[in-house]
Amino acid sequence: MSTADSSRARLGDAFIPEHRLGERDMLLAYLDRQRELVFWKLEGLSDDAARAVSTASGLTIHGLVRHLESVERWWVRDRFAGQVGLHYAWTDEDPDGELHVPADVTLESLLAAYREEIAHCDAVLAHADLDQAAVHRDHSLRWILLHLIEEISRHLGHLDLLAELADGRVGEEPAGPGEPVEPGADL
(Lines give C-alpha, C1' and ligand atoms only; values in the text may rest on other atoms or scores of the structure.)
Protein backbone atom coordinates (compact mmCIF):
# COMPACT_ATOMS: atom_id res chain seq x y z
CA MET A 1 0.00 0.00 0.00
CA SER A 2 1.16 3.50 -0.71
CA THR A 3 1.71 6.48 1.52
CA ALA A 4 -1.99 7.38 1.18
CA ASP A 5 -3.01 4.52 3.56
CA SER A 6 -4.32 6.79 6.31
CA SER A 7 -6.35 8.86 3.86
CA ARG A 8 -9.05 6.42 2.84
CA ALA A 9 -12.23 4.83 4.06
CA ARG A 10 -12.45 1.05 3.84
CA LEU A 11 -15.06 -0.55 1.65
CA GLY A 12 -14.86 -4.30 1.99
CA ASP A 13 -11.43 -5.20 0.66
CA ALA A 14 -11.08 -1.99 -1.31
CA PHE A 15 -11.44 1.63 -0.28
CA ILE A 16 -12.73 4.96 -1.38
CA PRO A 17 -10.19 7.80 -1.25
CA GLU A 18 -11.02 10.62 1.14
CA HIS A 19 -12.57 13.36 -0.99
CA ARG A 20 -10.63 16.26 0.53
CA LEU A 21 -7.09 14.99 0.02
CA GLY A 22 -4.36 17.08 -1.50
CA GLU A 23 -3.39 16.33 -5.09
CA ARG A 24 -0.46 14.00 -4.33
CA ASP A 25 -2.36 11.95 -1.76
CA MET A 26 -5.43 11.82 -4.02
CA LEU A 27 -3.41 10.47 -6.95
CA LEU A 28 -1.69 7.86 -4.77
CA ALA A 29 -5.01 6.86 -3.21
CA TYR A 30 -6.66 6.35 -6.59
CA LEU A 31 -3.63 4.39 -7.80
CA ASP A 32 -3.92 2.17 -4.72
CA ARG A 33 -7.66 1.76 -5.23
CA GLN A 34 -7.24 0.47 -8.78
CA ARG A 35 -4.44 -1.87 -7.71
CA GLU A 36 -6.49 -3.31 -4.86
CA LEU A 37 -9.50 -3.81 -7.11
CA VAL A 38 -7.32 -5.98 -9.37
CA PHE A 39 -6.47 -8.21 -6.40
CA TRP A 40 -10.08 -8.27 -5.19
CA LYS A 41 -11.40 -9.11 -8.65
CA LEU A 42 -9.10 -12.12 -8.96
CA GLU A 43 -9.15 -13.37 -5.37
CA GLY A 44 -9.81 -17.10 -5.27
CA LEU A 45 -10.01 -17.50 -9.04
CA SER A 46 -8.55 -20.87 -10.02
CA ASP A 47 -5.81 -21.20 -12.61
CA ASP A 48 -7.99 -23.60 -14.60
CA ALA A 49 -10.87 -21.12 -14.74
CA ALA A 50 -8.55 -18.21 -15.54
CA ARG A 51 -6.79 -20.12 -18.32
CA ALA A 52 -10.09 -21.25 -19.86
CA VAL A 53 -10.90 -17.76 -21.16
CA SER A 54 -9.23 -15.24 -23.41
CA THR A 55 -10.17 -12.61 -25.94
CA ALA A 56 -10.07 -13.13 -29.69
CA SER A 57 -6.62 -11.49 -29.66
CA GLY A 58 -5.36 -13.92 -27.00
CA LEU A 59 -5.51 -11.56 -24.03
CA THR A 60 -5.63 -13.58 -20.79
CA ILE A 61 -5.98 -12.92 -17.08
CA HIS A 62 -2.46 -14.24 -16.49
CA GLY A 63 -1.05 -12.00 -19.20
CA LEU A 64 -2.85 -8.93 -17.93
CA VAL A 65 -1.51 -9.38 -14.39
CA ARG A 66 2.06 -9.75 -15.65
CA HIS A 67 1.52 -6.75 -17.94
CA LEU A 68 0.39 -4.59 -14.99
CA GLU A 69 3.46 -5.64 -13.01
CA SER A 70 5.70 -4.73 -15.97
CA VAL A 71 3.96 -1.40 -16.61
CA GLU A 72 4.48 -0.23 -13.03
CA ARG A 73 8.12 -1.35 -13.06
CA TRP A 74 8.69 0.41 -16.41
CA TRP A 75 7.13 3.74 -15.51
CA VAL A 76 8.13 4.09 -11.85
CA ARG A 77 11.43 2.31 -11.37
CA ASP A 78 12.86 2.38 -14.90
CA ARG A 79 11.64 5.58 -16.58
CA PHE A 80 11.04 7.75 -13.48
CA ALA A 81 13.76 6.63 -11.06
CA GLY A 82 16.33 5.39 -13.58
CA GLN A 83 16.93 2.05 -11.86
CA VAL A 84 18.98 -0.37 -13.95
CA GLY A 85 19.08 -4.14 -14.27
CA LEU A 86 15.31 -4.57 -14.18
CA HIS A 87 13.81 -7.65 -15.83
CA TYR A 88 11.01 -7.63 -18.40
CA ALA A 89 9.38 -10.54 -20.22
CA TRP A 90 9.26 -8.65 -23.53
CA THR A 91 12.02 -8.73 -26.12
CA ASP A 92 12.68 -7.14 -29.50
CA GLU A 93 11.45 -10.38 -31.06
CA ASP A 94 8.35 -10.50 -28.82
CA PRO A 95 7.41 -6.94 -27.78
CA ASP A 96 4.27 -8.29 -26.07
CA GLY A 97 6.16 -11.06 -24.27
CA GLU A 98 4.76 -10.19 -20.85
CA LEU A 99 1.32 -11.12 -22.17
CA HIS A 100 2.50 -14.62 -23.13
CA VAL A 101 2.66 -16.42 -19.80
CA PRO A 102 3.92 -20.02 -19.74
CA ALA A 103 1.39 -22.63 -18.59
CA ASP A 104 3.43 -23.51 -15.48
CA VAL A 105 3.18 -19.96 -14.07
CA THR A 106 0.28 -19.69 -11.63
CA LEU A 107 -2.06 -16.79 -11.14
CA GLU A 108 -1.13 -16.85 -7.46
CA SER A 109 2.57 -16.39 -8.30
CA LEU A 110 1.75 -13.60 -10.76
CA LEU A 111 -0.33 -11.75 -8.17
CA ALA A 112 2.46 -12.16 -5.59
CA ALA A 113 5.00 -10.78 -8.08
CA TYR A 114 2.70 -7.86 -8.85
CA ARG A 115 2.24 -7.13 -5.14
CA GLU A 116 6.04 -7.23 -4.70
CA GLU A 117 6.51 -4.83 -7.63
CA ILE A 118 3.95 -2.46 -6.10
CA ALA A 119 6.03 -2.39 -2.90
CA HIS A 120 9.18 -1.53 -4.87
CA CYS A 121 7.33 1.21 -6.77
CA ASP A 122 5.78 2.60 -3.61
CA ALA A 123 9.26 2.91 -2.09
CA VAL A 124 10.21 5.14 -5.04
CA LEU A 125 6.98 7.13 -4.84
CA ALA A 126 7.17 7.68 -1.08
CA HIS A 127 9.33 10.79 -1.29
CA ALA A 128 8.99 11.89 -4.89
CA ASP A 129 7.47 15.22 -5.83
CA LEU A 130 4.66 15.47 -8.41
CA ASP A 131 6.59 18.03 -10.45
CA GLN A 132 9.77 15.94 -10.48
CA ALA A 133 10.74 14.89 -14.01
CA ALA A 134 11.49 11.30 -14.90
CA VAL A 135 15.14 10.41 -15.36
CA HIS A 136 14.55 8.83 -18.78
CA ARG A 137 11.58 10.78 -20.08
CA ASP A 138 10.41 14.35 -19.88
CA HIS A 139 7.31 13.32 -17.95
CA SER A 140 6.44 14.57 -14.50
CA LEU A 141 5.56 12.14 -11.74
CA ARG A 142 2.05 13.65 -11.89
CA TRP A 143 1.72 12.52 -15.54
CA ILE A 144 3.09 9.05 -14.72
CA LEU A 145 0.65 8.55 -11.84
CA LEU A 146 -2.30 9.60 -13.99
CA HIS A 147 -1.09 7.30 -16.75
CA LEU A 148 -0.80 4.36 -14.32
CA ILE A 149 -4.30 5.00 -12.97
CA GLU A 150 -5.59 5.02 -16.56
CA GLU A 151 -3.64 1.87 -17.50
CA ILE A 152 -4.71 -0.16 -14.47
CA SER A 153 -8.33 1.01 -14.82
CA ARG A 154 -8.45 0.04 -18.50
CA HIS A 155 -7.09 -3.42 -17.78
CA LEU A 156 -9.31 -3.82 -14.73
CA GLY A 157 -12.20 -3.58 -17.19
CA HIS A 158 -10.63 -6.39 -19.22
CA LEU A 159 -10.19 -8.42 -16.03
CA ASP A 160 -13.85 -7.79 -15.13
CA LEU A 161 -15.00 -9.35 -18.38
CA LEU A 162 -12.55 -12.24 -18.35
CA ALA A 163 -13.30 -13.09 -14.70
CA GLU A 164 -17.02 -13.08 -15.42
CA LEU A 165 -16.46 -15.47 -18.32
CA ALA A 166 -14.15 -17.61 -16.18
CA ASP A 167 -16.47 -18.27 -13.26
CA GLY A 168 -19.40 -15.88 -13.33
CA ARG A 169 -18.06 -13.37 -10.82
CA VAL A 170 -19.37 -9.86 -11.28
CA GLY A 171 -19.14 -6.63 -9.36
CA GLU A 172 -17.43 -3.31 -9.49
CA GLU A 173 -16.06 -3.36 -5.94
CA PRO A 174 -16.45 -5.31 -2.71
CA ALA A 175 -19.64 -4.77 -0.76
CA GLY A 176 -19.26 -2.57 2.27
CA PRO A 177 -20.51 -3.62 5.69
CA GLY A 178 -24.28 -4.20 5.56
CA GLU A 179 -24.46 -3.81 1.76
CA PRO A 180 -25.92 -6.57 -0.38
CA VAL A 181 -23.40 -8.57 -2.39
CA GLU A 182 -23.95 -8.53 -6.14
CA PRO A 183 -24.80 -11.94 -7.63
CA GLY A 184 -21.61 -13.83 -8.38
CA ALA A 185 -19.40 -11.30 -6.56
CA ASP A 186 -18.69 -13.66 -3.68
CA LEU A 187 -17.38 -16.49 -5.88
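The analysis underlying the following values was restricted to heavy atoms, covering all of them including side chains, and did not include hydrogens, waters or symmetry mates. Just so you know, these numbers come straight off a predicted model, no measurement behind them.
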With a 4.0 Å cut-off on N to O distance, would you call [X] and [Y] a salt bridge?
{"X": "K41", "Y": "E164", "result": "no"}
{"X": "R154", "Y": "E151", "result": "yes"}
{"X": "R73", "Y": "D78", "result": "no"}

What closest approach, in Å, do [X] and [Y] show between heavy atoms, and which atom pair accounts for it?
{"X": "W90", "Y": "S70", "answer": "CZ3-CB, 3.6 Å"}
{"X": "A134", "Y": "R79", "answer": "CB-O, 3.4 Å"}
{"X": "D131", "Y": "R142", "answer": "OD1-NH1, 2.6 Å"}

V101, D47, T60 screened by side chain to side chain contact (heavy atoms under 4.5 Å, CB included) with L107, the one that passes: D47

Among E117, E98, H155, R35, exactly one meets side chain to side chain contact (heavy atoms under 4.5 Å, CB included) together with L68. Which residue is that? H155

Does L130 share a hydrophobic cluster with V135, counting links as ILVMFWY side-chain heavy atoms below 4.5 Å and allowing steps through other members? no

Residue pair H67 / D96, side-chain donor-acceptor N/O under 3.5 Å: no

Check whether more than 12 heavy atoms from other residues, nucleotides or ligands sit under 6.0 Å from atom CG of D129, and answer yes or no. yes

About how many Å separate CG of L141 and CG of L125, when rounded to the nearest 0.5 Å? 6.0 Å

